[in-house]
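Both ligands and their constituent atoms are indexed starting at 1 by order of listing.
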Amino acid sequence: MNGFTASELNELRNQFPALHQSIYGKPLIYLDNAATTQKPQLVIDRITKYYTFENCNIHRGVHYLSQEATAAYEDVRAKVAGFIHAAKSEEVIFTRGTTESINLIASSFGKLLFETGDSVLITGMEHHSNLVPWQQLCKNHNGELLVAELDERGEVSMEQYGKLLEQKPKLVAITHISNALGTVNPIKEMIAMAHANDIPVLIDGAQSVAHMRIDVQELDCDFFVFSGHKMYGPMGVGVLYGKQKWLEQMPPWQFGGEMVDQVSLHETTFNQLPFKFEAGTPNVAGVLGLGAAIDFLQQTDLEKIGLHEMIILNYALEKLKSIPGIRIIGNAAERAGVISFVVEGTHPSDIGTLLDKMGVAVRTGHHCAQPVMTHFNVPGTVRASFAAYNSLAEADIFVEAVQKAVNMLC
Ligand code: C6P
C-alpha cells in the first residue's frame, strides 16, 4: 500500500482551515504536530453544533436536550472503545488528556497497591507526564524509580529492561512512541516480558494513537492513555483505558457529583464504572469533538496515514542529513514521523525562530523530556513532526528553510 495520492492529499488538506493561511506573508508549513494537530472542519462543526443547539449537562436531566446530549456522549465512549478495540465501553474513562490520565492512575492505582519501598519501572525517554507522577509516587513510598536506559540510537536497552523487571516493580509505565526522538518502542514484547513477571503495564499512547492502529486487547496492556488534541480532536479531553479488573478495584481519585451512588452526611457509596472516575460536569463538547476526530481518522484510513507520514519522514531525513553540521538526535530502527536535530554552533531556538519567519512551525527546546536531552548532551533540539496532511513539497520547503537558517547563523 502507498501513502495518499496527490488528489487524496489535496482533499484531505482542504478539510483543515488552519492550513490555508499565511504567516509573515509565507504559506504556513505546520510541522508541530507532536505538540498538537490542526483540526478538521468536521471536528470544529461538531463542537459548534453542540454549543449552538445541543448544549446541556448530561447524566442528570429528564428533559430532551439532556437525554440527547447524554446519549451522544455515551455513544462516543462506545466509539472510543471500538477505535482502540477495548472489550467494553466501561473500560474507557474520559479525562482532560494524557497527563490527567496518568495522574489518575498514579493516584488511584498507587493507593490500591503501593506499600513502603515499592518501585515503578519507566524508560529513559519518557515525557515528564509519564515520569514525574511515578517519581513522586516512589518518593512518597520510599521506593526507587527504576529506569531502563537508552543507547546512543535512542532505543531502550532490552537486556537492562529485563533485568529491572526482576526487581519486581509494582508497575511498568512506558511510552509507545517518544515525542522527542520518534523511537517506537517494542511495546508488545515489553508488555509480555512484564506480564511474565506478573507486573501490569501502562502505555503512554499520546504519540501513537493518531499514527497507527491500536488494539489494547491484542497488546494486552493494562492501561493505555492518550489525548484528543494530538489526534485531530479538541484540547481538554483525553482517555484512560484500563482493564476492568483493575478499574473495579481502584478507588476513586476525585470526589463530587456523578461519581457517587448514595450520599449521607457521613457516608458515601460510589457509582459503577466508568462514572466512578468522572467526577463533576465533564467536557461534553470535547468528547463529542473527540468522536468526530475518530470519524475523521477512520474515514481517512489510519494505515494510510501511517505510511504517508513514513514516506515524508524518510524523505525529509535524507535531505536534512546532507546539510553540513546537522546532527540528528535519535536514530532508532523503528521510528515514527518525528525528526529531532541540532546544528553545530547554533542554539535550537535560534533555528526555530528563523524557521518561523519563513512560515515553518517547528518546536524547539527539551520537549518536556529533559532526561532525553541530558542523555544526548544537548540543551534542546529542533523538532519537526509530521501529520496526515503534510506533503513532500512541505518537506522540501522545510529543508530549504533549515539550510537558509544554517547559512545565516553559521
Ligand atoms: N507532548 C509535545 O510537544 P498532554 O499535554 O496531557 O496532552 O500530553 C502529555 C504528553 C504525554 N506523553 C507524551 C509522549 C507526549 O508527547 C505528551 C505531550 C507534547 O511533545 C506537548 S509537551
Are Ser178 and Thr183 close enough that a side-chain donor and a side-chain acceptor fall under 3.5 Å? no

Does the distance from a Lys or Arg side-chain N to an Asp or Glu carboxylate O, for Glu400 and Lys404, drop under 4.0 Å? no

Consider ligand 1: state whether an atom of it lies below 4.0 angstrom from any non-hydrogen atom of Arg383. yes

Location of contacts on Ser227 toward ligand 1, heavy atoms closer than 4.0 Å: side chain

Please verify whether a non-hydrogen atom of Asn130 lies at under 4.0 Å from ligand 1. no

When you check the gap from the basic side-chain N to the acidic O, do Glu8 and Lys304 get nearer than 4.0 Å? yes

Look at atom 18 (C) of ligand 1 and say which protein heavy atom is nearest, naming residue and atom and giving the distance to 0.1 Å. Lys230 NZ, 2.8 Å

For Thr175, counting its heavy atoms only, list the atoms of ligand 1 lying under 4.0 Å from any of them. 14 (C)

Looking only at protein heavy atoms, what sits closest to atom 6 (O) of ligand 1 is Thr99 OG1, 2.5 Å

Just need the protein heavy atom nearest to atom 16 (O) of ligand 1, so name the residue and atom and give the distance. Gln207 NE2, 2.7 Å

Any salt bridge between Arg77 and Glu74, counting N to O under 4.0 Å? yes

Charged N to carboxylate O under 4.0 angstrom, Glu91 versus Lys88? no

Answer yes or no: is there an ion pair linking Asp220 with Lys243, defined by an N-O contact shorter than 4.0 Å? yes

Which label fits Tyr232 and Tyr389: parallel for a plane angle under 30°, tilted from 30 to 60°, or perpendicular past 60°? perpendicular

Pair Asp32 + Arg383, salt bridge at N-O below 4.0 Å: yes

Can you list the ligand 1 atoms lying under 4.0 Å from a non-hydrogen atom of Ala35? 2 (C), 3 (O), 19 (C)

Contact atoms of ligand 1, heavy-atom distance to Cys368 under 4.0 Å: 22 (S)

One residue to check: Glu100. Relative to ligand 1, which of side chain, backbone, both or neither has a non-hydrogen atom less than 4.0 Å away? neither

Do the side-chain N and O atoms of Asn390 and Tyr30 include a donor-acceptor pair separated by under 3.5 angstrom? no

Quick one: does ligand 1 sit under 4.0 Å from the side chain of Thr98, the backbone, both or neither, non-hydrogen atoms only? both

From Met125, His367, Arg363, Met235 - option closest to atom 2 (C) of ligand 1 by heavy atom: Arg363

State whether the shortest distance between N or O atoms of His229 and N or O atoms of ligand 1 falls below 3.5 angstrom. yes

Salt-bridged, Arg13 to Glu394, with N to O below 4.0 Å? yes

What is the closest protein heavy atom to atom 14 (C) of ligand 1, and at what distance does it sit? Asp204 OD2, 3.5 Å

Min over Arg96, His366, His128, His127 of heavy-atom distance to atom 15 (C) of ligand 1 lands on His127

